[in-house]
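Have a look at the structure below before the remarks.
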Amino acid sequence: MSSKATVLNPRTTKYEFLGPPGAFFVSFTVPIVTYALYFGCSEASGGCPPTAALTLATLQDRVAAAVGDVNWWKGLWDNEAALLYLGWYAFCVAAWAILPGDWVEGTTLRNGKKLQYKINAFSTFLLAMGIVSGLIYRDGPQAFTFIYEKWVGLITASLVMSFVQATLCYIASFRSGSLLALGGNSGNFLYDWFIGRELNPSIGSFDIKTFNELRPGLILWVLIDISMVCEQAVRRGGFHNVTDSMWLVLAFQTWYVMDGLYNEPALFTTMDVTTDGFGFMLSVGDLTWVPFTYSLQARYLAFNHVELGLYGTLGVIATNLLGYYIFRTANGEKNDFRNGKNPKNLKFMNTKRGTKLLISGWWGLCQHPNYLGDLTMALAWCLPTGFSTPITYFYPAYFLVLLVHRQMRDDEACEEKYGEDWKKYKKLVPSKIFPGIY
């Protein structure tokens, strides 16, 4: 490697996730947890713990029997499901290429360049919704229950796609001129493959990382929810009999996805895009984890029909609206301030770097008020499932761990960036996510 390339792509000297052992652990456990959420909480397994049919002892016996059965392993693969998933991914790529969209610049990279990104994720979503709506209108809800029926095979297909993409991107990162992620050039194969060695792997103008962040996984999440609504509609004799809880989950999660897709340009300033490489961590997160674990509530309600009633419905709606209000207004304050606007006359502190840090409004209550809004919405998505099982609350529990880890990464990066100014800031805004608590 030339000295110029070494300066541009320095060797990574600090590990995250406890280094290679942590990378192996996450890479190994994410598929296991994704499968476990189905095999441990599904109609086929007898429901969700705690039930008479699913005690800890029976679960252990079932796991032992399954992993020792060759037919169980063969059952994880489904040719039809693999073709369906491949077709879905191909549709997303074709929509990106064909549908019109503005091209916007990303942030300035270490090599002084700015990448161009095509903005048409929301258009892709609308096209997919139009096709699915037409199919259901023509053939009825039974025409779109195949996702519920092909669940395990679709998980496996997404995992294969995640593994293949991560591996090919890792191999391609060794070509001359690649800009590597500062955290993904350790020289350890497993760690770099997991964390992502190349910062922005692409094929021509097709940026693989940002494409996966928004399109195939997020939109599939909504399609899965719709399939679960259809499954319940078939069982209950039509859409007019679908439970209020299912409609709420569909509405909340669809709105969340639509909001992210509509505000696509905001993605290009996030840590995932500006800092992290594209490896198995992001590929499996985008393609498997998001669609197949975040839709757990809808899948549960497909076979457990929970009726909330008027007051329960209003309470859940209020919780979600509160979370969305915090999330959107907090991000609005931040985005206005970054763009040189301050319509609320928020207080701020100057730093020696010449930049400014907000210390009032939502950003005076805690360092990450947007995380607080996100977590409140996450809770609202689970409340419609009731309290018969803790499994449907997996998402906010996991999300809390994820956001605390992200907050810790951000704190470390900001301390390195701002030095003493960051210590002053933390005295002015001591709470991290939950005001007065953490």
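- Of the possible polar contacts, one joining the R236 side chain to the N241 backbone as a donor-acceptor pair under 3.5 Å is found.
- Note: F206 and F211 meet the aromatic proximity criterion, with ring centroids under 6.0 Å apart.
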T156 and D78: side chain to side chain contact (heavy atoms under 4.5 Å, CB included), yes or no, with the steps?
CA-CA 8 Å; T156 304; D78 182 326; over 6 Å; no
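- Between F189 and Y191, a ring centre-to-centre spacing not shorter than 6.0 Å is recorded.
- Looking at E198, its side chain never comes within 3.5 Å of a backbone N or O of L180 through a donor-acceptor pair.
- In the model, T392 has a side-chain atom that pairs as donor or acceptor with a side-chain atom of T385 under 3.5 Å.
- You'll find the ring centres of Y324 and Y256 outside the 6.0 Å limit.
- At distances below 3.5 Å, not a single donor-acceptor pair connects side-chain atoms of T288 with backbone N or O atoms of G285.
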Could you go through R328 and D259, starting from their C-alpha distance and side-chain angles, then the distance that decides it, and tell me whether this counts as side chain to side chain contact (heavy atoms under 4.5 Å, CB included)?
CA-CA 10 Å; R328 184 48 57 204; D259 182 75; 2.2 Å; yes
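- Partner of F194 under the ring-ring contact (aromatic ring centres under 6.0 Å, His included) criterion, chosen from F24, F17, F280: F17.
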Step by step, would you call T210 with L267 a side chain to side chain contact (heavy atoms under 4.5 Å, CB included)?
CA-CA 8 Å; T210 54; L267 172 70; 4.1 Å; yes
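- Between the side chain of E333 and the main chain of W362, a donor-acceptor pair closer than 3.5 Å is present.
- Side-chain contact annotation: Q407 with Y438, donor-acceptor N/O pair under 3.5 Å present.
- A ring-centre distance under 6.0 Å is found for W289 and Y398.
- Annotation: side chain of D102 is not in contact with side chain of Y117 (no heavy-atom distance under 4.5 Å).
- Checked by atom type and distance alone, the side chain of S283 pairs as donor or acceptor with a backbone atom of G279 at under 3.5 Å.
- Distance alone, capped at 3.5 Å, places no donor-acceptor pair between the S227 side chain and the L223 backbone.
- Between Y85 and W88, the distance separating the two ring centers is not shorter than 6.0 angstrom.
- Taking both residues in full, the closest heavy atoms of S295 and W151 are given as OG-CH2, 3.3 Å, listed atom of the first, atom of the second, then distance.
- When atom types are taken as modelled, the side chain of S431 and the backbone of C366 share no donor-acceptor pair closer than 3.5 angstrom.
- No cation-pi contact links K417 to W422, judged by a cut-off of 6.0 Å to the six-membered ring centre and 45° from its axis.
- Counting only heavy atoms from C-beta outward, the side chains of C414 and D410 approach each other to under 4.5 Å.
- Annotation for A233 and P141: closest pair CB-CB, 4.1 Å, computed over non-hydrogen atoms.
- Between the side chains of T12 and S186, no donor-acceptor pair is found at a separation under 3.5 Å.
- Counting only N and O atoms by type, the side chains of Q297 and Q253 include a donor and acceptor under 3.5 Å apart.
- Side chains of N212 and Q165: a donor-acceptor N/O pair is present below 3.5 angstrom, by distance only.
- Side-chain N/O atoms of W193 and N188 include no donor and acceptor closer than 3.5 Å.
- A salt bridge (Lys or Arg N to Asp or Glu O under 4.0 Å) with D276 holds for exactly one of K209, R409, R406; it is R409.
- Between W381 and the options F394, W221, Y393, Y294, a ring-ring contact (aromatic ring centres under 6.0 Å, His included) holds for only W221.
- Side-chain contact check for N79 and W77: at least one donor-acceptor pair (N or O, by modelled atom type) lies under 3.5 Å.
- Side chain to side chain, Y300 and T389 fail the donor-acceptor criterion of an N or O pair below 3.5 Å.
- A parallel orientation is assigned to the rings of Y371 and H368, their planes being inclined by less than 30° (bins at 30° and 60°).
- Put simply, the side chain of L214 does not reach to within 4.5 Å of the side chain of D286, judged on heavy atoms.
- Remark: R215 fails to qualify as a cation-pi partner of Y89 under the 6.0 Å distance and 45° angle criteria applied to the six-membered ring.
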